[in-house]
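Written out below as structure tokens is the structure these notes cover.
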Amino acid sequence: MQELFEENKNEEDWGILLVDAANGFNALNRKAMLWNVRHLWPRGARFTFNCYKYWPQLVLQRSGEKLPYILHSKEGVTQGDPLSMYAYALALLPLVKKLEERTAGVQVWYADDSGIADNLPNIQKWLDELCSLGPGYGYFPEPEKCILVSSINPRTEEFKEKNNLKKVVTGYRYLGGPIGTQEYMENYCQDKLADWKKELETFVPIARLVPHEVYTAITKSLKHRWTFNLRATQVDPEKCKEIDEFITGPLLDALLRTKVDDTTRNLSNIRAKNGGLGLPHLRTTAETQYKTSKLATEHLIESIVRRKELCSATHYRKGSEARKNNNLHTEEQEKLRFQEAVKGLPNTRKRIIERAPLTGIWLSQYPATDNGNVLSPEEFRDSILTRYGETPENLQPHCDGCGKKSTLDHLLTCKTGGLVHQAHDELRDELATLAKQAYLPSAVQLEPPIRNNSDSTTENYSQERGDIGIRGFWTKQFDCIVDIRITYPESNSNRNSTVEKLIEKQEKEKKSKYLQPCLERRRHFTPFIATTDGMLGKEAKKFVARLVDRLAGKWMSPYSQVMAYVRGRISMAILRGTSRRIRGTRTPFRLKGYCEDGAGIDLFAHRSEH
């Protein structure tokens with residue numbers, strides 16, 4: 001519609017009439033709708049007829065009255081019904097075709113909102129025909145709610161008075177995007193950008209309290225709403241610079257409660273799967289989304305403007321090609337930006353950041369206490385900062401377990417106080433919970449023995465245990481022993497080898513120690529190796545894939561959706577344990593008194609009697 005307006009903006013008697021109908025969905029002629037569906041969409045006729053062959057009932061109960069009021073819906077389609085849009089469109093299709101035969105101009109229909117672009121005499125003829133033919137189909141136009149988008153001059157004012165229109169304007173928002181003069185478009189974009197910045201400013205104080213929830217609201221809601229507007233509106237990318245700087249500046253500082261360096265800021269607006277945080281980057285989005293939207297709807301626009309028949313296959317093909325090319329372009333550009341951001345960094349930090357594309361699945365999860373996907377503010381901030389090789393804020397000066405100076409490397413490797421075991425158990429319990437959901441709870445046990453006492457020649461063998469035992473995991477009637485290890489790749493003993501080689505080495509160590517004893521007892525053995533930032537080893541990925549396959553079949557859900565859910569929960573369990581290593585206390589708790597095991601409770605009772 002905007003292209004048509006631009007082509008005819010110099011004509012005084014040309015405009016776009018936007019029509020609103022009275023109670024559109026509820027006033028539709030239901031019998032005519034069912035008749036049209038039967039002839040125009042035979043495959044869906046039976047289902048539509050079964051939905052609307054009876055009158056839906058609306059029961060109203062007033063307080064103090066015993067009998068309710070029952071209202072029958074005899075016309076229209078039910079709003080909220082997924083079928084209603086298709087049925088409504090088919091009901092009005094004969095009306096649209098009759099108007100197309102009797103009048104000129106370009107018609108645009110979306111649900112009960114109709115419109116036409118042409119000169120004023122043709123618009124007048126179209127409006128008269130619509131008011132005449134529409135009621136027979138249950139479509140009742142209301143001229144007093146209609147808006148004419150055109151230049152304001154005596155002709156348009158006369159047209160407004162003659163038809164009792166609501167108003168004549170030089171621009172208006174229609175179906176999510178603006179149409180009108182260049183001045184109106186610029187003002188519309190400026191107002192939109194100002195509103196978006198105000199929305200971000202309201203998030204800043206909230207982000208200091210609940211960063212995980214605010215991050216999700218921005219990346220899962222706000223970002224997509226902005227993207228929709230940028231697809232429908234051509235925005236100058238340079239005008240988005242202020243918002244981009246606010247996102248990577250005050251907003252990011254509020255999310256992390258600290259000031260990060262330029263590397264983290266440059267990576268923050270890259271998608272999580274490419275190593276970033278997925279925060280909006282409007283300059284890139286504004287440049288690509290509008291262009292992609294035009295290419296995707298090219299065949300549809302040509303069909304509307306030239307009044308040609310729409311080929312759904314061609315429309316689908318062009319849309320798929322445009323989206324695919326845009327994704328490839330975005331992927332290529334983000335990889336270049338990622339490489340540029342890590343260039344020149346120290347090897348240790350570069351090695352950490354290069355793992356980011358493999359460990360960002362948790363960033364795509366919705367925080368929900370029911371699924372265990374909520375991170376505390378400290379856990380969220382520690383996970384982000386360690387993801388980019390930065391040291392979390394407010395660390396204690398010395399380790400309270402061994403007294404050494406507190407560095408990130410030391411806190412993630414210090415075994416004093418049992419925090420390493422707690423992080424290990426956090427992941428173990430998460431995997432056991434998922435396994436119980438996939439299999440029977442009785443088929444899952446914790447710390448199953450790898451050898452029997454009768455099999456051991458030394459006392460130590462009887463103490464060898466796995467972390468999780470699952471009956472029938474790989475094969476029916478076979479147990480699977482899972483042994484877990486969470487390793488810190490940047491420790492002094494690990495940083496000289498690549499992460500892939502390190503994980504492979506640790507998998508081989510566990511297999512060489514436990515595989516043969518498990519096979520002797522007719523068991524399978526799976527080492528589950530993960531890094532402190534959530535990168536999984538080859539064996540762990542196979543374990544997760546098998547678990548997801550079982551859950552997807554049990555829940556009758558798409559494999560990819562269940563995979564994202566399971567990987568997200570596992571990743572968050574690892575990150576909670578990692579944050580526990582950084583923030584937890586290592587000061588041991590010592591029992592006071594002589595009644596440590598209950599042996600002296602009788603003596604205590606004897607004394608209290610006297």
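Not measured: the values here are computed from a predicted model.
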- Salt-bridge test for Glu430 and Arg569: reply yes if a basic N is under 4.0 Å from a carboxylate O, no otherwise. yes
- Task: Could you tell me the separation between the OG1 atom of Thr578 and the CD1 atom of Ile486, rounded to the nearest 0.5 Å?
- Result: 6.5 Å
- Item | Passing option when Trp196 is tested against Trp226, Phe246, Phe203 for ring-ring contact (aromatic ring centres under 6.0 Å, His included) | Trp226
- Message: So for atom NZ, which belongs to Lys291, do other residues, nucleotides or ligands contribute more than 12 heavy atoms lying within a distance under 6.0 Å?
- Response: no
- Message: Whether the side chain of Arg581 engages the backbone of Leu412 through a donor-acceptor N/O pair (distance < 3.5 Å, no angle test) should be reported.
- Response: yes
- Query: Within the side chain of Thr233, is there an N or O that forms a donor-acceptor pair under 3.5 Å with the backbone of Asn229?
  - Reply: yes
- Is Tyr366 close to Asn373 at the side-chain level, that is, under 4.5 Å between some pair of heavy atoms? no
- Task: Taking only Lys NZ, Arg NE, NH1 and NH2, and the carboxylate oxygens of Asp or Glu, determine whether Asp425 and Arg580 approach each other closer than 4.0 Å.
- Result: no
- Do the rings of Trp555 and Tyr565 sit parallel, tilted or perpendicular, given the 30° and 60° boundaries? perpendicular
- Donor-acceptor side-chain pairing of Thr264 and Asp261 below 3.5 angstrom: yes
- Task: Could you tell me whether Arg381 and Glu393 make a salt bridge, using a distance below 4.0 angstrom between a side-chain N and a carboxylate O?
- Result: no
- Message: A side-chain contact here means heavy atoms from C-beta on lying under 4.5 Å apart; do Ile470 and Leu547 qualify?
- Response: no
- Message: Is it true that, when you exclude Lys324 itself, more than 12 heavy atoms of the residues, nucleotides or ligands shown sit nearer than 6.0 Å to its NZ?
- Response: no
- Message: Looking at Tyr559, I want to see if its OH is surrounded by more than 12 non-hydrogen atoms of other residues, nucleotides or ligands under 6.0 Å.
- Response: yes
- Message: Looking at Arg323, is its backbone amide N or carbonyl O close enough to the side chain of Asn327 to form a donor-acceptor pair, meaning the two atoms are under 3.5 Å apart?
- Response: yes
- Query: Around atom CG of Asp195, are there more than 12 heavy atoms of other residues, nucleotides or ligands at under 6.0 Å?
  - Reply: yes
- Donor-acceptor pair, Ser579 side chain versus Leu575 backbone, under 3.5 Å? no
- Considering non-hydrogen atoms only, spot the tightest contact between Arg351 and Asn494 and give its length. NH2-O, 3.4 Å
- Message: Taking Leu282's backbone N and O only, do any of them form a donor-acceptor pair with Asp244's side chain (distance below 3.5 Å, no angle check)?
- Response: yes
- Item | Ser293 side chain to Gln289 backbone, donor-acceptor under 3.5 Å | no
- Other residues, nucleotides, ligands: >12 heavy atoms within 6.0 Å of Lys220 NZ: yes
- Query: Once you round to the nearest 0.5 Å, how far does NZ of Lys318 lie from CG of Leu300?
  - Reply: 12.0 Å
- Message: Nearest 0.5 Å, please: how far is NZ in Lys335 from CD1 in Ile270?
- Response: 12.0 Å
- Which is it for Arg317 and Glu321 under the salt bridge (charged side-chain N to carboxylate O under 4.0 Å, His left out) test, yes or no, and what are the steps along the way? CA-CA 6 Å; Arg317 177 176 55 81; Glu321 289 177 356; 3.6 Å; yes
- So do the side chains of Arg567 and Gln365 get within less than 4.5 Å of each other, counting heavy atoms only? no
- Message: Tell me whether the count of non-hydrogen atoms from other residues, nucleotides or ligands lying under 6.0 Å of CD in Glu287 goes above 12.
- Response: no
- Query: If you look only at pairs with a residue in residues 401-425, which of them pass as a ring-ring contact (aromatic ring centres under 6.0 Å, His included), with sequence neighbours excluded?
  - Reply: none
- Below 4.0 angstrom, N of the basic side chain to O of the carboxylate: do Arg265 and Asp253 qualify? yes
- Any donor and acceptor pair, going by atom type alone, linking the side chain of Arg586 with main-chain N or O of Leu411 inside 3.5 Å? yes
- Does Ser497 offer a backbone N or O that forms a donor-acceptor pair with the side chain of Lys505 under 3.5 Å? no
- Closest approach of Pro392 and Arg583, non-hydrogen atoms and distance? CB-NH2, 3.5 Å
- So, are Arg271 and Glu334 salt-bridged, with charged N and O less than 4.0 Å apart? yes
- Query: Hey, are Lys239 and Glu186 close enough for a salt bridge, meaning a charged N less than 4.0 Å from a carboxylate O?
  - Reply: no
- Task: Mark yes when over 12 heavy atoms from residues, nucleotides or ligands other than Gln190 sit less than 6.0 Å from its CD; otherwise mark no.
- Result: no
- Note on the structure: Interatomic distance, OG1@Thr284 vs CG@Leu230, rounded to 0.5 Å, equals 11.0 Å
- Item | Heavy atoms of other groups near Glu242 CD, more than 12 under 6.0 Å | no
- Message: Under a 3.5 Å threshold, yes or no: a donor from one side chain and an acceptor from the other, between Thr531 and Asp533?
- Response: yes
- Query: Is a side-chain donor or acceptor of Arg387 paired with a backbone partner of Gly276 at a separation under 3.5 angstrom?
  - Reply: yes
- Note on the structure: From the list Lys350, Arg349, Arg355, salt bridge (charged side-chain N to carboxylate O under 4.0 Å, His left out) with Glu490 holds only for Arg355
- Step by step, would you call Glu340 with Arg337 a salt bridge (charged side-chain N to carboxylate O under 4.0 Å, His left out)? CA-CA 5 Å; Glu340 184 68 24; Arg337 289 172 56 198; over 6 Å; no
- Query: Which distance, rounded to the nearest 0.5 Å, do you find between the CG of Asn269 and the OG1 of Thr219?
  - Reply: 13.0 Å
- Should Leu277 and Ile384 count as side-chain neighbours, where that means a heavy-atom distance under 4.5 Å? yes
- Charged N to carboxylate O below 4.0 Å: is that the case for Glu539 and Lys510? no
- Gln445 side, atom CD; Ile468 side, atom CD1 - distance, nearest 0.5 Å: 10.5 Å
- Query: Is there a donor-acceptor contact under 3.5 Å from the side chain of Arg550 to the main chain of Ala438?
  - Reply: yes
- Message: Restricting to non-hydrogen atoms, name the atom on Ser571 and the atom on Ile361 that form the minimum distance, rounded to 0.1 Å.
- Response: CB-CG2, 3.8 Å
- Query: Using the ring of each side chain (for Trp, its six-membered ring), is Phe473 parallel, tilted or perpendicular to Tyr439, with breaks at 30° and 60°?
  - Reply: tilted
- Query: With a 4.5 Å limit on heavy-atom distance, are the side chains of Gln506 and Pro527 in contact?
  - Reply: no
